[in-house]
Amino acid sequence: MRIKFQPSGVRGDVPAGQTLLEAATALGVEIESVCGGRGTCGKCRVIASGELSGLTDMERRQLSEAERAAGYRLACQASILGDVSVVVPEESRISRVSILSAGVERRVDLEPWVSRRVVSIPKPTLAEPSADLVRLEAVWAKQWPEPLKPTLRALQQLPLAVRAAEGLVTLLCADDEVVRIEPGQGPPRLLGLALDIGTTTVVGYLLDLETGRQLAVSSLLNPQTRYGDDVVSRIEFSQHEGGLATLQREIVAAINHIIEETVALATAAGEGGISADAILAMTVVGNTTMQHLFLGISPAALAQSPYVPAMTAAQCLRAHELGINIYPDAHVWTLPNIAGWVGADTVGVLLATGIYQDQEIGLAIDIGTNGEMALGSQERLITCSTAAGPAFEGAHLSCGMRAADGAIDAVHMNEDVHWHSIGGAPPRGICGSGLVDLVAEMLRVGVINTAGFMGDGEALRNNGQAKLADRLRQIGRQRAFELVSESQGAGGRPVLVTQRDVRELQLAKGAIRAGIEILIKELGIGREDVRRVYLAGAFGNYIRPQSALAIGLIPHFPNAEIIPVGNAAGSGAKMALLSRSCREQAMALIHSVEYLELSARADFQQEFAEAMLF
Ligand code: FES
């Protein structure tokens, strides 16, 4: 069947029976699909005409009568029966997400585990015609105690290299393996890539392994998001036929894109000797599911109690085994996972903050769809994870969206509402940090009470806050607060926050707060003992600490400094790339850090119920 997408103009032939979303994916047209095509998020709205299947129940639920009359369909629900034409409106297109790449940098001594060793191999003679490798071994043994371990590729390079520069060769070693042999002094640069695979975004840092300098950074939206926005929907998709292979292929393609881009960026910045082939080492952090998908290992067991991963230990692979386009024998290290829902990204945060070496007690929180937390010091460190739900990432809210252009990310209220939208674009929705700000302000001015209920506006009016009261709406059976009017919103759509959205936030913050309270109890400390609170990740970086305190997301720690640490997981990956000790510390952490399974705690429900209140 012929299909045509506007405004991109992309057209193609697709089989009958495919959904519009499947056809769009096949033809490279990007459409938001937060719920992974289950029909529950309503983000894949398109205007379609032609021969299509009838409206589904999901579409009746998600689309207003006016939208249905205007030809709106959910791309994941409408199947193609004949030739069709599709308009993808602005609000359904995947926009550039603001990706946080910078993170706290703790000083590390450069101690690379990739090295260059220059040796001079004597020429063979008729009297002593020993093999190239034998002569190399003899030279090697005089300088290094460990045995010489060349890869097959390095052996293949040896005879030509040894004869090209009168026996002077450079051995490039990754840990105790010789991965490459080059004539003379070898390549001008030894490069490494540190990679943070987030559920939503992927960030790569290109580093010079001999100076420790960062040469370029590149990031993109994790392409797996088109198969589901959150970890659970990815795990579900991985269980479909071919699903796991698809998700792995997508992430590898994204990494290869990042490699190309970092190389191009560094070259354009005037750096010499940059090529993908000069990348000899890579470290990877990500949550446990992302690590499994990257390695093509089924994460299915992570979704069922007792949430067991296939492996927790760090893995060392060769780039060619994974299809990564760098030097084929480059070592690719995935940092270890602590448990099924506390992954290598948390290990990265621990490395970057140094909390595990500190004498004073610190709390590190990385908030996304899941909240991973670690509390303690060098004496004892406990981690846990809570299913915060997607509210902090802006998903599953009536007007929620990722932190992309047009997302409201900050709100302030006095007699009326003032907001800021990312990129100054007309507002399309609200992201997590905006929602926390909004709810904190709604609570402060009395739009909601401490139980989270929106009033009818009378109290506001009596209080002289008529403009705020005028923003309250009754939509069906629930109240809503109009943050942005139709005339101000992108595409003539208002941005509303409903009673249900506030409830979603309460559930999310309740889960995080309950996790923190249980960690405090388990460690047997008081709030006054905590000296530092590290907020990691994009959400932690952009959230206003006073708003997080106001809604009770984090308790008040009277002696603690609140420190946003940015993409600390990525910083941890860089540290492990530049320092063998850091990498070894990361590997040791999984044996020393305790993991607390909150669902096994009898007091979790009680803590959670209390923490739901504002
Ligand atoms: Fe279609 Fe979510 S409703 S992708």
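Note that the structure is a prediction, hence the values are computed from the model and not measured. Whatever order the structure lists ligands and atoms in, that order sets their numbers, starting from 1.
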| field | Sub-4.5 Å side-chain heavy-atom contact between Leu302 and Ile235 | value |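 With C-beta onward as the side chain, the pair touches.
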
| task | Using only heavy-atom distances, determine whether the side chains of Glu597 and Tyr307 contain a donor-acceptor pair under 3.5 Å. | result |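 No donor-acceptor contact under 3.5 Å links the two side chains.
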
| query | Which value, rounded to 10°, describes the SG(Cys76)-atom 1 (Fe) of ligand 1-SG(Cys44) angle? | reply |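 That angle is 110°.
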
Which ligand 1 atoms, with their elements, are less than 4.0 angstrom from a heavy-atom of [X]?
{"X": "Gly37", "value": "4 (S)"}
{"X": "Gly39", "value": "3 (S)"}
{"X": "Gly42", "value": "2 (Fe), 3 (S)"}

| field | Verdict with reasoning, Ser8 to Val88, per side-chain contact (heavy atoms from CB on, under 4.5 Å) | value | CA-CA 9 Å; Ser8 60; Val88 184; over 6 Å; no

| field | Closest heavy-atom pair and its distance - Ala364, Val349 | value |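 Result for this residue pair: CB-CG1, 4.0 Å.
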
